[in-house]
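All values below come from the heavy atoms of this structure, side chains included, with hydrogens, waters and symmetry mates left out. In this chain, residues are counted from 1 in sequence order.
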Amino acid sequence: QVQLVESGGGSVQAGGSLRLSCAASGYTYSSSCMGWFRQAPGKEREAVATIYTVGGRTYYADSVKGRFTISQENAKNTLYLQMNSLKPEDTATYYCAAEVGFRYGGSWYGCGTGVGSYWGQGTQVTVSS
């Protein structure tokens with residue numbers, strides 16, 4: 001059974017930093033895509049950053065480019081999101097997702113546009129002004 005467990009959320013003032021972690025169990029990193037999504041109250045869930053697990057190509061939402069960095073430690077089946085220069089509009093519940101996109105013909109597609117097949121329970125990030 002696949003489990004994704006996020007940690008590292010919390011409350012921070014604007015301009016501060018947080019690092020989110022996502023530990024994956026029951027899931028073997030293979031050639032696919034993992035990512036971070038977020039959902040603010042009253043808004044739809046949106047993609048924040050995604051990464052191909054092989055090769056490491058990354059995708060970012062325009063709103064976080066230059067401030068957030070997604071990374072992975074495949075040996076530990078762990079995904080990270082370093083968030084710097086946080087803004088109040090970054091306040092949301094952040095979710096880790098696995099298998100973002102789809103497999104076709106032995107390759108993985110949709111890392112920058114897809115949604116995940118597996119989800120963590122979410123971790124709250126609150127940024128105050």
Side-chain angles (χ1 to χ4, degrees):
Q1 182 178 354
V2 176
Q3 283 193 320
L4 303 173
V5 180
E6 302 99 335
S7 61
S11 297
V12 65
Q13 288 194 328
S17 299
L18 285 172
R19 188 194 195 202
L20 306 183
S21 299
C22 172
S25 61
Y27 176 79
T28 302
Y29 260 62
S30 59
S31 180
S32 65
C33 173
M34 294 191 69
W36 292 95
F37 292 69
R38 68 185 180 187
Q39 187 167 21
K43 295 187 177 181
E44 293 186 354
R45 189 173 298 189
E46 62 175 355
V48 176
T50 54
I51 184 170
Y52 274 105
T53 56
V54 176
R57 183 175 180 179
T58 58
Y59 300 84
Y60 293 93
D62 287 343
S63 59
V64 307
K65 281 181 182 176
R67 300 188 298 122
F68 291 11
T69 303
I70 188 171
S71 62
Q72 59 190 351
E73 194 168 359
N74 289 3
K76 294 185 177 180
N77 278 11
T78 302
L79 184 73
Y80 303 99
L81 184 68
Q82 178 66 44
M83 304 185 295
N84 298 328
S85 301
L86 282 161
K87 303 175 181 180
E89 51 264 43
D90 294 319
T91 295
T93 301
Y94 284 70
Y95 297 90
C96 173
E99 294 195 356
V100 177
F102 59 94
R103 188 180 302 279
Y104 181 78
S107 297
W108 198 267
Y109 298 91
C111 189
T113 57
V115 294
S117 297
Y118 302 100
W119 295 89
Q121 82 289 348
T123 185
Q124 179 67 36
V125 171
T126 302
V127 185
S128 58
S129 57

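- Of the possible donor and acceptor atoms, none in the side chain of S21 sits under 3.5 Å from a partner among the backbone N and O of S7.
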Working for side-chain contact (heavy atoms from CB on, under 4.5 Å), residues T93 and F37: CA-CA 8 Å; T93 301; F37 292 69; over 6 Å; no
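- Although no hydrogens or angles enter the test, the distance criterion places no donor-acceptor pair under 3.5 Å between the side chain of W108 and the main chain of E99.
- Between Y80 and E73 the shortest heavy-atom distance is OH-OE1, 2.9 Å.
- Using modelled atom types, no side-chain atom of N77 and backbone atom of S25 make a donor-acceptor pair closer than 3.5 Å.
- Judged by distance alone, with hydrogens and angles left aside, the side-chain atoms of R67 form a donor-acceptor pair with the main-chain N or O of S85 at under 3.5 Å.
- Nearest heavy-atom pair, Q72 versus G56, reported as atom, atom and distance to 0.1 Å: NE2-CA, 4.1 Å.
- How far OG of S71 is from CG of L79: 7.0 Å, rounded to the nearest 0.5 Å.
- A distance of 14.0 Å separates CZ of F68 from OG1 of T58, quoted to the nearest 0.5 Å.
- The environment of CZ in R103 is crowded: more than 12 heavy-atom neighbours from other residues, nucleotides or ligands sit within 6.0 Å.
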side-chain contact (heavy atoms from CB on, under 4.5 Å) between M83 and W36, intermediate numbers included: CA-CA 11 Å; M83 304 185 295; W36 292 95; over 6 Å; no
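- Of all heavy-atom pairs spanning Q124 and A92, the tightest one is NE2-O, 3.4 Å.
- Hydrophobic clustering, with ILVMFWY side chains joined whenever heavy atoms are under 4.5 angstrom apart, keeps V100 apart from V48.
- To the nearest 0.5 Å, atom OG1 of residue T78 and atom CE of residue M34 are 9.0 Å apart.
- The nearest pair of heavy atoms linking T50 to C33 is CB-SG, 3.8 Å.
- Note on V115 and Y52: separate hydrophobic clusters, where clusters join Ile, Leu, Val, Met, Phe, Trp and Tyr whose side-chain heavy atoms are under 4.5 Å apart, directly or indirectly.
- Using a 4.5 Å heavy-atom threshold, the side chains of R38 and T91 count as separate.
- Salt-bridge formation is not detected for the pair K87/D90: no Lys NZ or Arg NE/NH1/NH2 atom is positioned less than 4.0 Å from an Asp or Glu carboxylate oxygen.
- Y118 is connected to I51 through a chain of hydrophobic side-chain contacts under 4.5 Å among Ile, Leu, Val, Met, Phe, Trp and Tyr, so both are in one cluster.
- Between the CD atom of Q13 and the OG atom of S128 there is a distance of 5.0 Å, given to the nearest 0.5 Å.
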From CA spacing to verdict: side-chain contact (heavy atoms from CB on, under 4.5 Å), Y59, I70: CA-CA 9 Å; Y59 300 84; I70 188 171; over 6 Å; no
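- A pairwise comparison of heavy atoms in S17 and Q82 identifies CB-NE2, 4.0 Å as the closest pair.
- At a threshold of 4.5 Å between side-chain heavy atoms, the hydrophobic network of Ile, Leu, Val, Met, Phe, Trp and Tyr places Y60 and L86 in one connected group.
- The CZ atom of F102 sits 11.5 Å away from the SG atom of C111 when rounded to the nearest 0.5 Å.
- Contacts of E89 classified as side chain to side chain donor-acceptor pair (under 3.5 Å), with partners at least two apart in sequence or in another chain: none.
- Shortest non-hydrogen contact noted between Y95 and G120 is CD2-O, 3.6 Å.
- Interatomic distance, L4 CG to Q121 CD, rounded to the nearest 0.5 Å: 9.0 Å.
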